[in-house]
Engineer: 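Structure in structure tokens, see below.
Basis for what follows: all heavy atoms, side chains included, without hydrogens, waters or symmetry-related copies.
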Amino acid sequence: MQQKIRFQIEGMTCQACASRIEKVLNKKDFVKSAGVNFASEEAQVTFDDSKTSAADIAKIIEKTGYGAKEKTEDTLPQAEAEHHIGWRLWLLLVINIPFLIGMTGMMIGRHDWMIPPLWQFALASVVQLWLAVPFYKSAWASIKGGLANMDVLVTIGTVSIYLYSVYMLFFSPHAAHGMAHVYFEVGVMVIGFVSLGKFLEHRTKKSSLNSLGLLLKLTPTQVNVQRNGEWKQLPIDQVQIGDLIRANHGERIAADGIIESGSGWADESHLTGESNPEEKKAGGKVLAGALMTEGSVVYRATQLGSQTLLGDMMNALSEAQGSKAPIARVADKAAAVFVPAVVGIALLTFIATWLIKGDWTLALIHAVAVLVIACPCALGLATPAAIMVGMGKAVKHGIWFKDAAAMEEAAHVDAVVLDKTGTLTEGRPQVAAVYCVPDSGFDKDALYRIAAAVEQNAAHPLARTIVSAAQARDLEIPTAQNAQTVVGAGITAKVEGVGLVKAGKAEFAELTLPKFSDGVWDVASIVAVSVDNKPIGAFALADALKADTAEAIGRLKKHNIDVYMMSGDNQGTVEYVAKQLGIAHAFGNMSPRDKAAEVQKLKAAGKTVAMVGDGINDAPALAAANVSFAMKGGADVAEHTASATLMQHSVNQLTDALLVSQATLKNIKQNLFFAFFYNILGIPLAALGFLNPVIAGAAMAASSVSVLGNALRLKRVKIN
């Protein structure tokens, strides 16, 4: 049986590390697929659990030189520790100071600023023989795995320049005269810059790219729980399902639950993307992470930890951020051959410079610069860094993508297919228009009162709508007696002070409706009312459009996305709604199979199709679309089939999802361009001697941080 599992990977230093783990895992016959995300430091493996186990796969990863810890759905992601500069990096930076001063002096003609050669040798030896050991270990593990990483380049370059300087200082003919040219500063400063770059890169990845840390802060660490009739302050991990918990103004909800007492308003925007607070009262639901903006409630915990909606979202976000987008294959293929190619270019640079210049010292400097300037890290971070930020931004808007591939596909969408009921409309009938027969002696309020008196004895959804509408007008509803239902026609009853009342189809109430200019009467459900067999009026009940639907359709059109409406309702109703919204392509009387077939036609015509729906009947079309969106709380089969879930039941949120995806894909392409351009420009400059190894080391460190910085710009992108 196929099983999917996730591992947190420790020890990766660049994309080549991730590629090596993938290569090793994908060679195993019991592994169907394996993907490793360098930015999120996560591996996702699908394997045959009849042939191996998660523990065995972890051992395989560990044999390649990395740590692997299984991540499960039952455990929420852990908060990241603060990232401080460790003692090793501090010592490296301190040792770099005299060399930095010396190099600054040489640039302005003050060669006496550089410390004596023997001091240079001593400090460089501390770096190369001790502080650089992590680079050597990583390089050796990488070579054993058959795929060289960035640390191989750094190791070859710095060791070469160190050994050269040792030879020149102690063994060359010029050494005895104190004229030896040594370059100890190169190795020291390259190791220093690269180490600092790795630290900044790691801190940015963990602290800035990932949205999980912000979500973790939404859960309180201490809560007020009732135990043995007393309120006690307890740690969140001691709360049990069934406990009564109190949340006051300004506090966050600790668990999903049902309100037992109290009332107030709660901000649930962390889950829905909706900024308006929700009113909470007894019998209602509360969700973990929500902030009580007003009032105080006591609720009974029904779900804790990873089982809450917040926990589910965190696990979904973690898995989605750890997945790989198809565009990442470009960087993966390049990284797989990158390091061997760079080593080859460095060797050619050494030979060519020696032959042309006749100076093997200069040739070595140029070759080392080539090794150091090359940076596969920027290439490896280009896609996953943008995906991590983009996923986090989508979640802030109440959009849950299942994986990176779905987000990338959503960026290409140029046609949207929308279901009508529950997607464009509220999914429940409302009174759209009221007609009172002239000279009947009954006005609108009387019509509502009489109709509600009869309809409160019926179970039909249209009957409940009329009763609710009458109650909303604060009308006193009279008593009805001897109610009788006439199947397929309506209901009759004796209403005190009125007479025999009939409510139902127009013919049942003996009402002939006039021709209305308002088209809603042609498509709405009609409930007519008569008193003592004399018609007095009628109600037109229609499924009202959601408040933001028209705005959402306008936004889709603004971004050149074609809109199609497909519904099982009759063509007249569908066309009426389409006319209100300005939708040119509207199809009624559509079965689930018809919807799926129409989606296939659009794809065959070259469209990239997004389907939005919330019901069981939408599942075939959702599966047929390039990318699909389900409404949270709709049919389970729709949610499981869809590529993403919309928390607000809003087409506006769909538009947000498409625009966030477009912005993310654009950012990925910018990152890839920068990473490729950096190496295409940097390597030739280093080979020709325009960049010394120290500057190359600083530039290499800066390249990764620059890619991460560009990815972080996604957080500030406005979605209009």
Engineer: What pairs with Ser138 under side-chain hydrogen bond (donor to acceptor under 3.5 Å, both in side chains), at least two apart in sequence or on another chain?
Structural biologist: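 side-chain hydrogen bond (donor to acceptor under 3.5 Å, both in side chains) list for Ser138, sorted by chain: Asn149, Asp151.
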Engineer: When you compare the side chain of Phe135 with that of Trp140, does any pair of heavy atoms fall below 4.5 Å?
Structural biologist: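 No, their side chains stay 4.5 Å or more apart.
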Engineer: Can you list everything that forms a side-chain hydrogen bond (donor to acceptor under 3.5 Å, both in side chains) with Glu408? Sequence neighbours excluded, please.
Structural biologist: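 Per chain and number, Glu408 pairs via side-chain hydrogen bond (donor to acceptor under 3.5 Å, both in side chains) with no residue.
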Engineer: Can you see which heavy atom on Val342 is nearest to which on Val370, and at what distance?
Structural biologist: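 Val342 and Val370 have their closest heavy atoms at CG1-O, 3.9 Å.
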Engineer: Sequence neighbours left out, what passes side-chain hydrogen bond (donor to acceptor under 3.5 Å, both in side chains) with Ser53? Give chain and number order.
Structural biologist: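 Once residues adjacent in sequence are excluded, the partners of Ser53 under the side-chain hydrogen bond (donor to acceptor under 3.5 Å, both in side chains) criterion are Asp56.
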Engineer: Is the shortest side-chain heavy-atom distance between Ile191 and Tyr162 below 4.5 Å?
Structural biologist: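 Side chain of Ile191 against side chain of Tyr162, heavy atoms only: no contact under 4.5 Å found.
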Engineer: Tell me which pairs pass salt bridge (Lys or Arg N to Asp or Glu O under 4.0 Å) where either residue lies in residues 27-37, with sequence neighbours left out.
Structural biologist: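 The answer is none; no pair qualifies.
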Engineer: Within the structure provided, determine whether Ile680 and Tyr678 are in side-chain contact (heavy-atom separation under 4.5 Å).
Structural biologist: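 No, side chains not in contact.
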Engineer: Report yes if some heavy atom in the side chain of Ile9 is under 4.5 Å from a heavy atom in the side chain of Lys69; otherwise report no.
Structural biologist: no
Engineer: Under the rule for ring pair (Phe, Tyr, Trp, His ring centres under 6.0 Å), what residues qualify as partners of Phe30, not counting sequence neighbours?
Structural biologist: none
Engineer: Going from CG on Leu714 to CD1 on Ile668, what distance comes out if it is rounded to the nearest 0.5 angstrom?
Structural biologist: 8.5 Å
Engineer: Counting only N and O atoms by type, is there a donor-acceptor contact under 3.5 Å from the side chain of Gln303 to the main-chain atoms of Leu309?
Structural biologist: no
Engineer: To the nearest 0.5 Å, what is the distance between CG on Leu602 and CE on Met611?
Structural biologist: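 It is 11.0 Å, given to the nearest 0.5 Å.
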Engineer: Test of understanding: with side-chain hydrogen bond (donor to acceptor under 3.5 Å, both in side chains), list the residues that count as partners of Asn710, not counting sequence neighbours.
Structural biologist: Gln670, Asn671, Arg713
Engineer: Would Val599 and Leu622 count as a side chain to side chain contact (heavy atoms under 4.5 Å, CB included) here? Give the steps.
Structural biologist: CA-CA 9 Å; Val599 168; Leu622 290 170; over 6 Å; no
Engineer: Name all residues meeting the side chain to side chain contact (heavy atoms under 4.5 Å, CB included) criterion together with Pro684; count only those two or more places apart in sequence or in a different chain, and write none if there are none.
Structural biologist: none
Engineer: Could you note down all residue pairs passing salt bridge (Lys or Arg N to Asp or Glu O under 4.0 Å) where residues 653-668 supplies at least one of them, sequence neighbours left out?
Structural biologist: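 Residue pairs passing salt bridge (Lys or Arg N to Asp or Glu O under 4.0 Å), neighbours aside: Arg555-Asp656.
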Engineer: Residues in side chain to side chain contact (heavy atoms under 4.5 Å, CB included) with Lys63, at least two apart?
Structural biologist: none
Engineer: Return the minimal non-hydrogen interatomic distance between Met391 and Phe401, and the atom names on each side.
Structural biologist: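 Result for this residue pair: SD-CB, 3.8 Å.
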Engineer: According to side chain to side chain contact (heavy atoms under 4.5 Å, CB included), who are the partners of Leu25, at least two apart in sequence or on a separate chain?
Structural biologist: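 Side chain to side chain contact (heavy atoms under 4.5 Å, CB included) list for Leu25, sorted by chain: Ile21, Ala34, Val45, Ile57, Ile60, Ile61.
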Engineer: If I compare all heavy atoms of Phe674 with all of Ser703, which pair ends up nearest, and what's the gap?
Structural biologist: CE2-O, 3.7 Å
Engineer: For a quick test of reading the model, state the closest non-hydrogen atom pair linking Gln648 to His397 and the distance between them.
Structural biologist: NE2-O, 4.5 Å
Engineer: Check whether any side-chain heavy atom of Glu41 sits under 4.5 Å from a side-chain heavy atom of Glu10, and report yes or no.
Structural biologist: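 The answer is no; the side chains never approach within 4.5 Å.
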Engineer: Could you tell me if the side chain of Thr46 sits less than 4.5 Å from the side chain of Gln3, heavy atoms only?
Structural biologist: no
Engineer: For Thr645 and Ile399, what are the C-alpha separation, side-chain angles and deciding distance, and is it a side chain to side chain contact (heavy atoms under 4.5 Å, CB included)?
Structural biologist: CA-CA 6 Å; Thr645 301; Ile399 304 150; over 6 Å; no
Engineer: Rounded to the nearest 0.5 Å, how far apart are CG of Leu646 and CG of Leu654?
Structural biologist: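 Atom-to-atom, Leu646:CG and Leu654:CG are 6.0 Å apart.
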Engineer: Any side-chain heavy atom of Ser628 within less than 4.5 Å of one from Val612?
Structural biologist: no
Engineer: For the backbone of Gln128 and the side chain of Tyr136, can you confirm whether one donor and one acceptor N or O come within less than 3.5 Å of each other?
Structural biologist: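 Flag set: sc Tyr136 to bb Gln128 pair under 3.5 Å.
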Engineer: Mind running side chain to side chain contact (heavy atoms under 4.5 Å, CB included) on Ile241 and Thr302 for me, showing each step along the way?
Structural biologist: CA-CA 5 Å; Ile241 290 178; Thr302 57; 5.5 Å; no
Engineer: Is a side-chain N or O of Lys607 found less than 3.5 angstrom from the main chain of Val413, in a donor-acceptor match?
Structural biologist: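 No; judged by distance alone, with no hydrogens or angles, the pair does not exist.
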Engineer: Within the structure provided, determine whether Ser643 and Lys402 are in side-chain contact (heavy-atom separation under 4.5 Å).
Structural biologist: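 No, too far: nothing below the 4.5 Å cut-off.
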Engineer: Please evaluate residues Val154 and Leu371 with respect to the criterion side chain to side chain contact (heavy atoms under 4.5 Å, CB included), reporting the C-alpha separation (whole Å), side-chain torsions for both, the decisive distance (0.1 Å), and the verdict.
Structural biologist: CA-CA 7 Å; Val154 173; Leu371 291 172; over 6 Å; no
Engineer: Mind checking the CG-CG spacing from Asp256 to Leu310? Nearest 0.5 Å is all I need.
Structural biologist: 8.0 Å
Engineer: Once you round to the nearest 0.5 Å, how far does NE2 of His412 lie from CG of Leu658?
Structural biologist: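 Going from NE2 on His412 over to CG on Leu658, the span is 12.0 Å.
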Engineer: Nearest 0.5 Å, what's the NZ-NZ distance between Lys715 and Lys393?
Structural biologist: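 If I round to the nearest 0.5 Å, the distance is 10.0 Å.
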Engineer: Got a sec, which residues hit side chain to side chain contact (heavy atoms under 4.5 Å, CB included) with Ala254, two or more places apart in sequence or on another chain?
Structural biologist: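 Testing Ala254 for side chain to side chain contact (heavy atoms under 4.5 Å, CB included), a comparison that skips the adjacent residues, returns Pro220, Val223, Ile236, Tyr299.
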Engineer: What's the shortest heavy-atom distance between Gly390 and Val660, and which atoms?
Structural biologist: O-CG1, 3.7 Å
Engineer: Using atom types as modelled and distance alone, determine if a side-chain donor or acceptor of Glu22 lies under 3.5 Å from a backbone N or O of Val36.
Structural biologist: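 Answer holds: yes.
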Engineer: With Phe350, which residues qualify under ring pair (Phe, Tyr, Trp, His ring centres under 6.0 Å), at least two apart?
Structural biologist: Trp354
Engineer: Could you report the tightest heavy-atom contact between Lys603 and Asn626, atom names first, then the distance?
Structural biologist: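 Smallest heavy-atom distance, with atoms named: CG-OD1, 3.5 Å.
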Engineer: Ser661 side chain to Ala657 main-chain N or O, any donor-acceptor pair under 3.5 Å?
Structural biologist: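 The answer is yes, because a donor-acceptor pair under 3.5 Å joins these two groups.
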